[in-house]
S.K.: 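Have a look at this one before I ask anything.
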Amino acid sequence: MKISKEIEQQKQYIEKVKELNKDKKLTYSILTMGCQQNENDSEKLCGMIEQMGYVKATNPEEVDLAVINTCCVRENAEDRLFGKLGELKHLKEKRGTIVAIGGCMMQEKHITRKIKESYPFVDMLFGTHTLHKFPEDLYRVIEEKNKLTDILDIEGKVYEGLPIKRDSSVKASVTIMNGCNNFCSYCIVPYVRGRERSRMPKDIMEEIKELAKQGYKEITLLGQNVNSYLRVERENNIQFEEYEGINSFATLLHAINKVDGIERIRFVSPHPKDFTDDVIEQIAKCDKVCKLIHLPLQSGSTEVLRVMNRKYTKQQYLNLVEKMKTRIPNLTLSTDIIVGFPGETEEDFEDTLDVVKKVHFEQVYMFIYSRRIGTPGDKMEKQIPDEIKHKRFNRLKELVESQIAENNQKYINTIQKVLVEGKSKNNENMLTGRTDSNKVVIFEGKDDLINEIINLKIVSEHMWYLRGKQV
Ligand code: SAH
Ligand code: SF4
Ligand code: F3S
């Protein structure tokens with residue numbers, strides 16, 4: 001069936017559920033456990049759910065539809081899901097709440113088996129490739145009062161035209177590609193998200209222009225490997241319609257940079273191996289592209305990188321950083337690092353510390369290696385004992401925090417352009433925003449500054465945020 005027809009069908013189910021729910025004043029909750037792409041999927045779920053007549057619950061005890069959008073990139077997510085299911089059981093018994101679980105973890109058979117066996121009260125399981133069918137699945141659960149599993153093993157298509165309820169009115173995420181073809185040996189994502197496939201340039205541009213019209217100032221482009229946007233299509237001669245000259249990630253940046261109203265463009269995650277010169281050139285040239293670039297390192301050891309299947313060496317990574325620093329004025333970098341990958345020796349770990357010392361990252365997201373069933377890493381022999389993993393993690397954390405503290409000092413007394421996002425969560429009297437380099441800045445100001453880019457003088461630093469003053 002054509003995609004537009006499938007979506008049309010789902011819109012009819014939205015109407016049907018809305019009719020069933022008429023005059024009932026039903027509420028929903030959603031728990032999002034994963035990455036920004038998972039969050040973007042949740043925004044689409046919320047869009048569909050709200051059109052079906054549910055409003056967001058304000059009291060966690062009074063929920064009629066509870067949705068969990070899962071992640072399985074690391075083990076702790078599983079503990080969290082099963083903990084949450086324990087809580088929902090009581091809600092189900094008390095109120096008959098419909099419980100629906102979706103997302104990446106549902107693509108793992110051992111997990112869905114466990115849920116069916118140990119948590120039989122769950123009404124609905126849906127995967128990453130069947131998100132768009134949520135209205136139909138929910139309709140069947142309500143009408144037929146059956147438990148339902150709707151999970152596709154093969155990768156889905158790229159669906160356009162789903163309703164969406166965005167979390168922020170200042171910044172918006174736009175998924176530009178789904179899936180991943182890289183198969184880093186520690187990572188579960190390619191197995192649960194399927195093969196890489198890009199959205200069409202016209203669909204992306206129309207979404208961004210619409211966002212600009214609605215007043216959004218910042219756009220974050222999402223994908224597991226954004227800088228290989230449209231590569232699979234180009235390499236396999238898959239026909240796609242060029243639009244505004246877009247046929248690659250670099251040309252996409254160029255086109256978005258011209259959209260009136262959009263002031264900032266970010267993207268996550270690029271892969272170092274795909275950081276071609278045309279992308280570097282566009283980052284430098286496009287004034288709206290933020291100069292904080294996320295460049296996942298994972299390990300600083302060439303041998304570990306080889307076993308991880310990352311396709312670059314320590315030196316190649318450092319060379320790329322050097323090249324980017326010379327060509328992109330005011331560049332700052334953030335990264336992801338895994339500690340304790342199988343076979344990581346003390347020497348390997350010191351190579352990671354060495355890269356961190358040399359690059360001076362603005363932000364480092366640090367993870368302890370977590371075995372994922374079905375990945376090559378899980379079957380590797382030289383697993384690192386937990387104690388060593390934790391010790392190394394703490395050593396890395398200490399280094400990173402000392403660098404961040406030092407780096408924060410550089411901001412003091414500078415003037416930063418800050419996009420004001422809203423009231424500070426911890427202090428109602430303060431506003432919060434972010435610099436180009438994605439640092440949080442808290443300051444005193446009037447509400448009408450929200451969604452404006454303003455100049456702030458940085459007056460103090462507090463590890464995870466800066467204090468600013470209007471100038
Ligand atoms: N596609 C993105 C993000 C992948 S998941 C990228 O390549 O950067 C986000 C991060 O989780 C990864 O960058 C990696 O650092 C971490 N990660 C993935 N699998 C992991 C595992 N098995 N154990 C620990 N950390 C992991
Ligand atoms: Fe996972 Fe590697 Fe793909 Fe990122 S690039 S999603 S780390 S396999
Ligand atoms: Fe997690 Fe899936 Fe994102 S596994 S990190 S939610 S792609």
Side-chain angles (χ1 to χ4, degrees), residues 31-42 45 68-78 80-81 101-108 111 127-129 131 155 173 175-196 220-229 231-232 267-275 293-300 304-305 307-312 317 333-342 344 352 361 363-380 383-384 386 389-390 392-393 396:
L31 172 66
T32 307
M33 301 173 78
C35 60
Q36 292 187 57
Q37 211 155 9
N38 192 242
E39 283 170 12
N40 193 226
D41 285 345
S42 283
L45 284 165
I68 307 180
N69 193 9
T70 60
C71 166
C72 53
V73 81
R74 287 171 293 274
E75 195 177 1
N76 50 10
E78 276 147 44
R80 222 176 129 207
L81 171 68
I101 314 177
C104 291
M105 211 191 281
M106 296 307 107
Q107 297 294 140
E108 297 186 294
I111 298 284
T128 53
H129 307 304
L131 179 109
E155 48 265 29
S173 299
T175 296
I176 63 165
M177 62 182 343
N178 295 308
C180 179
N181 285 355
N182 288 327
F183 291 94
C184 303
S185 60
Y186 49 81
C187 184
I188 192 78
V189 172
Y191 305 90
V192 297
R193 286 267 173 184
R195 292 296 61 71
E196 195 174 299
T220 301
L221 306 174
L222 299 181
Q224 296 301 340
N225 191 2
V226 283
N227 51 348
S228 77
Y229 175 65
R231 192 190 52 199
V232 172
F267 52 86
V268 275
S269 277
H271 195 300
K273 77 176 165 59
D274 297 308
F275 235 106
I293 304 297
H294 187 64
L295 196 63
L297 169 66
Q298 312 301 0
S299 167
V304 173
L305 287 167
V307 185
M308 283 179 164
N309 194 27
R310 289 291 291 177
K311 301 191 171 73
Y312 52 85
Y317 185 93
L333 292 161
S334 62
T335 201
D336 287 355
I337 293 176
I338 298 176
V339 167
F341 182 75
E344 183 188 76
T352 299
F361 294 103
Q363 182 63 270
V364 182
Y365 301 92
M366 297 166 274
F367 306 106
I368 290 178
Y369 172 68
S370 170
R371 293 173 79 160
R372 303 287 69 208
I373 295 175
T375 62
D378 184 42
K379 296 185 205 87
M380 288 177 190
Q383 299 290 330
I384 307 295
D386 277 353
K389 282 189 199 167
H390 283 99
R392 286 185 186 158
F393 182 86
L396 175 65

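In listed order, ligands and their atoms are each counted from 1.
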S.K.: State the atoms of ligand 1, each with its element, that fall below the 4.0 Å cut-off from a heavy-atom position in Ile368.
M.R.: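 What qualifies from ligand 1 is 23 (N), 24 (C).
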S.K.: So if I count the atoms of ligand 1 from 1 in the order they appear, which ones are less than 4.0 Å from some heavy atom of Arg372?
M.R.: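 By the 4.0 Å cutoff, the relevant atoms are 22 (N).
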S.K.: Between Asn40 and Thr175, do the side chains contain an N or O donor and an N or O acceptor separated by less than 3.5 Å?
M.R.: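 Yes.
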S.K.: State the atoms of ligand 1, each with its element, that fall below the 4.0 Å cut-off from a heavy-atom position in Asp336.
M.R.: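 This gives 9 (C), 10 (C), 12 (C), 13 (O), 15 (O) as the contact atoms.
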S.K.: Side-chain contact test, heavy atoms from C-beta onward, threshold under 4.5 Å: evaluate it for Ile176 versus Val226 and give yes or no.
M.R.: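 Side chain of Ile176 against side chain of Val226, heavy atoms only: contact under 4.5 Å found.
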S.K.: Please work out which of the three classes, parallel, tilted or perpendicular, describes the rings of His271 and Tyr312, given edges at 30° and 60°.
M.R.: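 Plane angle over 60°, so perpendicular.
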S.K.: With heavy atoms of Tyr186 as the reference, note each atom of ligand 2 found under 4.0 Å away.
M.R.: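 In order of number, 7 (S).
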S.K.: Output the distance between atom CG (Asn38) and atom OG1 (Thr32), rounded to the nearest 0.5 Å.
M.R.: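 So the gap between those two atoms works out to 6.0 Å.
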S.K.: Relative to the heavy atoms of Arg310, which atoms of ligand 2 are at a distance of less than 4.0 Å?
M.R.: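 Listed by number with element: 2 (Fe).
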S.K.: Between Arg74 and Asp336, is there a side-chain N and carboxylate O pair less than 4.0 Å apart?
M.R.: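 The answer is no: the pair does not qualify as a salt bridge.
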S.K.: Are Lys273 and Asn225 close enough that some pair of their side-chain heavy atoms sits under 4.5 Å apart?
M.R.: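 Side-chain contact under 4.5 Å: yes.
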S.K.: Work out which heavy atom in Ser42 is nearest to a heavy atom in Asn69; give both atom names and the distance.
M.R.: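 Heavy-atom minimum between the residues: OG-ND2, 3.0 Å.
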S.K.: For atom 8 (O) of ligand 1, state which one of Pro296, Gly340, Gly377 supplies the nearest heavy atom.
M.R.: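 Residue with the shortest heavy-atom distance to the ligand atom: Pro296.
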S.K.: Below 4.0 Å, non-hydrogen atoms only: which portion of Thr375 touches ligand 1? Side chain, backbone, both or neither.
M.R.: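 Thr375 to ligand 1: no contact under 4.0 Å from either part.
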S.K.: What's the count of protein N, O or S atoms under 2.8 Å from atom 3 (Fe) of ligand 3?
M.R.: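 Total protein N/O/S atoms under 2.8 Å from atom 3 (Fe) of ligand 3: 1.
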S.K.: Measure the acute angle between the ring planes of Phe267 and Phe275, then classify it against the limits of 30° and 60° as parallel, tilted or perpendicular.
M.R.: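 Phe267 and Phe275: tilted rings.
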S.K.: Using a 4.0 Å cut-off to any heavy atom of Val73, which atoms of ligand 1 qualify?
M.R.: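 Listed by number with element: 5 (S), 18 (C), 19 (N), 20 (C), 21 (C), 22 (N).
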S.K.: Work out which heavy atom in Pro342 is nearest to a heavy atom in Tyr369; give both atom names and the distance.
M.R.: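 Between these two residues, the closest heavy atoms are CD-CE2, 3.6 Å.
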S.K.: Answer yes or no for Asn225: is there a heavy-atom contact with ligand 1 below 4.0 Å?
M.R.: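 Judged by the 4.0 Å heavy-atom criterion, Asn225 does not count as contacting ligand 1.
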S.K.: Might you point out which heavy atoms bring Gln383 and Gly377 nearest each other, and give the distance in Å?
M.R.: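 Looking at all heavy atoms of both residues, the closest pair is NE2-O, 2.9 Å.
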S.K.: Tell me the protein N, O or S atoms under 2.8 Å from atom 3 (Fe) of ligand 2, in chain and number order.
M.R.: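 Those protein N, O or S atoms (cut-off: under 2.8 Å from atom 3 (Fe) of ligand 2) are Cys180 SG.
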S.K.: Would you name the heavy atoms of Cys104 and Arg193 that are closest together and state the gap between them?
M.R.: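 Distance-wise, the nearest heavy atoms are SG-NE, 3.3 Å.
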S.K.: Please work out, at 4.0 Å between heavy atoms, whether the side chain, the backbone, both, or neither of Tyr186 comes within that distance of ligand 1.
M.R.: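 Both of them.
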S.K.: State, with a plain yes or no, whether a side-chain heavy atom of Glu108 is found less than 4.5 Å away from one of Val192.
M.R.: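 In short, these two side chains touch, coming nearer than 4.5 Å.
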S.K.: Are the side chains of Pro190 and Arg195 in contact, using a 4.5 Å heavy-atom criterion?
M.R.: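 Arg195 vs Pro190: side chains touch.
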S.K.: Are any of the N or O atoms of Gln298 closer than 3.5 Å to those of ligand 1?
M.R.: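 Checking ligand 1 against Gln298, an N or O pair does fall under 3.5 Å apart.
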S.K.: So which protein heavy atom does atom 4 (S) of ligand 3 come closest to, and at what separation?
M.R.: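 Closest protein heavy atom to atom 4 (S) of ligand 3: Cys72 N, 3.4 Å.
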S.K.: As a check for students: among Arg74, Met366, Glu75, Gln224, identify the option with a heavy atom nearest to atom 7 (O) of ligand 1.
M.R.: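 Ranked by closest heavy atom to atom 7 (O) of ligand 1, first place is Gln224.
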S.K.: Which heavy atom of Ile101 sits nearest to which heavy atom of Leu81, and what is that distance?
M.R.: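 Looking at all heavy atoms of both residues, the shortest contact is CG2-CD1, 4.2 Å.
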S.K.: Among all protein non-hydrogen atoms, which one is nearest to atom 25 (N) of ligand 1, and what is the separation to 0.1 Å?
M.R.: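 Checking every protein heavy atom, the shortest distance to atom 25 (N) of ligand 1 gives Phe367 CB, 3.5 Å.
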S.K.: Identify the heavy atoms of Gly103 and Thr70 that sit nearest to each other, and give their distance.
M.R.: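 The answer is C-OG1, 3.6 Å.
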S.K.: For residues Gln224 and Glu196, is any side-chain donor paired with an opposing acceptor at under 3.5 Å?
M.R.: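 There is no such pair between these side chains.
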S.K.: What protein heavy atom is closest to atom 6 (C) of ligand 1, reported as residue, atom name and distance in Å?
M.R.: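 I find the closest protein heavy atom is Ser269 CB, 3.8 Å.
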S.K.: When you measure from the side chain of Thr220 to the backbone N and O of Ser173, does any donor-acceptor pair fall under 3.5 Å?
M.R.: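 No.
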